[in-house]
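One is the number of the first residue; the rest follow in order along the sequence. Every value quoted in this text rests on a predicted model; they were computed, and no experiment measured them. First listed ligand is number 1; within each ligand, the first listed atom is number 1.
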Amino acid sequence: MKKPNGKSVFVCSNCGNESPTWAGKCSACGEWNSLKEFSPAVEKSSAGAKILLSKLSDFTNKKSFRTQSKYSEIDRVFGGGIVEGAVMLVGGEPGIGKSTLVLQLIEKMAPAIYLSGEESPAQIKLRADRLKLKTENIFITDGADISGLENILDEIKPKILVVDSIQTVYDSRISGSAGSQMQVKESGLVLQQLAKKYNVAVIIIGHVTKEGLVAGPRTLEHLVDVVVYLEGERNRDARILRTVKNRFGTTDEIAVLVMSETGLKEITNPGAIFLSETENAPGSAICVLLEGTRPLLVEIQALTTPTSFGYPRRTSSGFDLNRLNILVGVLIKRAGLNLGGQDIYLNVVGGISANEPAADLAVCLAIASSMKNKTLPKMSAFFAEVGLTGELRNVAGADKRKKEAKNLGYTPLTNFKNVREAIDKTLV
Ligand code: TYD
Ligand code: MG
């Protein structure tokens, strides 16, 4: 085995971990025989790189050019249309509708190149036909190697390039198989450089599990200009498209979409779309979220059961687990709920996430309701942030939330001093 000469590093082709020495097993991911030697391409020179300086005032700002699709709600999530030369990441769970969304979106952005590492062109044509899209200006390839992209970008000069998905494409100039962290990161970098060089908008599709555990796309988030996530449950129709990062606009916008026979449809008046049809039951609380400009009623469900052995379990889907642990602490200490020996399971119905502080009170009430096995008042809705002393804090857009709840036949209950009072008055 060659000894490191002080210049080269050993990079794991599975997880991308760098180490100064070679080893049979990667110390980070445990993969065997995955370390490859890399020598830095540029020799160190004593002169240092030449840096060119310009005056900031010499730059004229040309207005960034945005293209609108047929879908005004989706455009709003992207900050008012797709900016040329921007790199966008569309994330979501497998089967949630990412490919469908992107295909609908690019119809008008001709010419477009669709690089499919997942489905055959025939399958994509089938989908396009179902969506009744015009396809003359969409060029497709099922080659998954992106190292030759530059040539076709030069030839076709597309307005938009779609990469579906980042886990299935690779760059043959880089070691590691498709989907490895190294490939995801490096392919992302290559795509970013191509976007800037050819002024083409690039949409990268990436699979992410609910817990965000797939190592891939998350590492791309800081590299791209816009990150949107498509949320929802596969067996239900409602979807939320949410911006989590946008260099060209705000990040608190959502679009509510419904998956239909003929693709995703926009819902401009979403209101109650994420509520379950079941009757008011112990452990269920309705919360009014305000996502961007759209108020949204969602149901929060909690289940508490005595811990059978060891440490109590707390699991959460659609709500931050750390936040849940804090709220449980508040409920124990400030509301006198005996949750110390209880497993707690929390779920936001509809597969969406409720990461707004306004969801706190509904989370607390759902837990208390399950614990006491009592239901909250019929058709009641809640929104308030819960502080560490158990106090309830106002949240932005109270009037808008109240109005939407009333429109949908719900009574917004807001007049409580603290979480203990809210529990005592609603769970009787
Ligand atoms: P897809 O876009 O393939 O999901 P992803 O790219 O995120 O994996 O679509 C997923 C599901 O959507 C698929 O099971 C079929 C359904 N679907 C519809 O209900 N209506 C439609 O018009 C289309 C195209 C798909
Ligand atoms: Mg797909």
Side-chain angles (χ1 to χ4, degrees), residues 69-71 73-74 77-78 82 88-109 112-135 138-144 146 160-170 178-179 183-184 187-188 191 202-218 220-221 224 226-244 254-267 273-274 318 350-353:
S69 67
K70 284 196 294 201
Y71 307 96
E73 292 288 298
I74 297 175
V77 171
F78 281 95
I82 287 180
M88 290 148 284
L89 175 66
V90 175
E93 290 182 57
I96 206 73
K98 300 180 295 298
S99 303
T100 308
L101 171 83
V102 171
L103 203 57
Q104 285 180 250
L105 208 59
I106 62 169
E107 184 192 16
K108 269 180 46 182
M109 300 193 71
I113 295 182
Y114 196 109
L115 191 82
S116 177
E118 293 200 349
E119 293 160 298
S120 68
Q123 279 172 306
I124 291 170
K125 178 66 173 27
L126 209 66
R127 176 183 288 131
D129 287 346
R130 223 169 119 184
L131 301 169
K132 301 192 171 60
L133 300 182
K134 293 199 192 77
T135 48
I138 300 178
F139 295 86
I140 188 149
T141 165
D142 56 357
I146 63 165
I160 194 154
L161 165 71
V162 177
V163 176
D164 187 0
S165 65
I166 192 70
Q167 278 98 346
T168 51
V169 300
Y170 62 93
Q183 277 290 354
V184 167
S187 304
L191 291 168
V202 177
I203 294 185
I204 300 175
I205 293 177
H207 297 303
V208 186
T209 61
K210 202 170 268 171
E211 297 78 28
L213 282 181
V214 177
R218 286 280 148 112
L220 283 182
E221 281 189 0
V224 301
V226 179
V227 179
V228 300
Y229 279 97
L230 189 61
E231 300 176 352
E233 269 171 28
R234 239 179 301 173
N235 50 358
R236 295 169 66 120
D237 300 331
R239 304 278 184 274
I240 280 188
L241 186 69
R242 184 193 300 276
T243 337
V244 293
I254 60 157
V256 178
L257 307 165
V258 163
M259 182 63 93
S260 72
E261 284 291 295
T262 49
L264 289 158
K265 300 248 148 60
E266 296 179 309
I267 306 289
I273 197 164
F274 288 100
I352 60 169
S353 48

- Do V169 and L115 come close enough that some side-chain heavy atom pair is under 4.5 Å? yes
- Query: To the nearest 0.5 Å, how far apart are CD1 in I352 and CG in L230?
  - Reply: 12.0 Å
- Task: Side-chain contact test, heavy atoms from C-beta onward, threshold under 4.5 Å: evaluate it for L264 versus I74 and give yes or no.
- Result: no
- Using heavy atoms and a cut-off under 4.0 Å, could you grab the residues that are in contact with ligand 1, chain by chain, numbers ascending? E93, P94, G95, I96, G97, K98, S99, T100, R127, R130, L131, M259, S260, E261, T262, G263
- Message: Would V102 and D164 count as a side-chain contact (heavy atoms from CB on, under 4.5 Å) here? Give the steps.
- Response: CA-CA 9 Å; V102 171; D164 187 0; over 6 Å; no
- Is any protein N, O or S atom closer than 2.8 Å to the Mg ion (ligand 2), and if so, which? S99 OG
- So, the side chain of E118 versus the backbone of T168: is there a donor-acceptor pair under 3.5 Å, distance only? no
- Message: Run the side-chain contact (heavy atoms from CB on, under 4.5 Å) test on I82 and I203 for me, step by step, so that the C-alpha distance in whole Å, both residues' side-chain angles and the decisive distance to 0.1 Å come before the verdict.
- Response: CA-CA 10 Å; I82 287 180; I203 294 185; 4.2 Å; yes
- How many angstroms lie between CZ in R127 and CG in L103, if you round to the nearest 0.5 Å? 6.5 Å
- Query: Between K98 and Y229, is there a donor-acceptor pair closer than 3.5 Å when you use the side chain of the first and the backbone of the second?
  - Reply: no
- Is the backbone N or O of S120 less than 3.5 Å from a side-chain atom of Q123, with the two atoms forming a donor-acceptor pair by type? yes
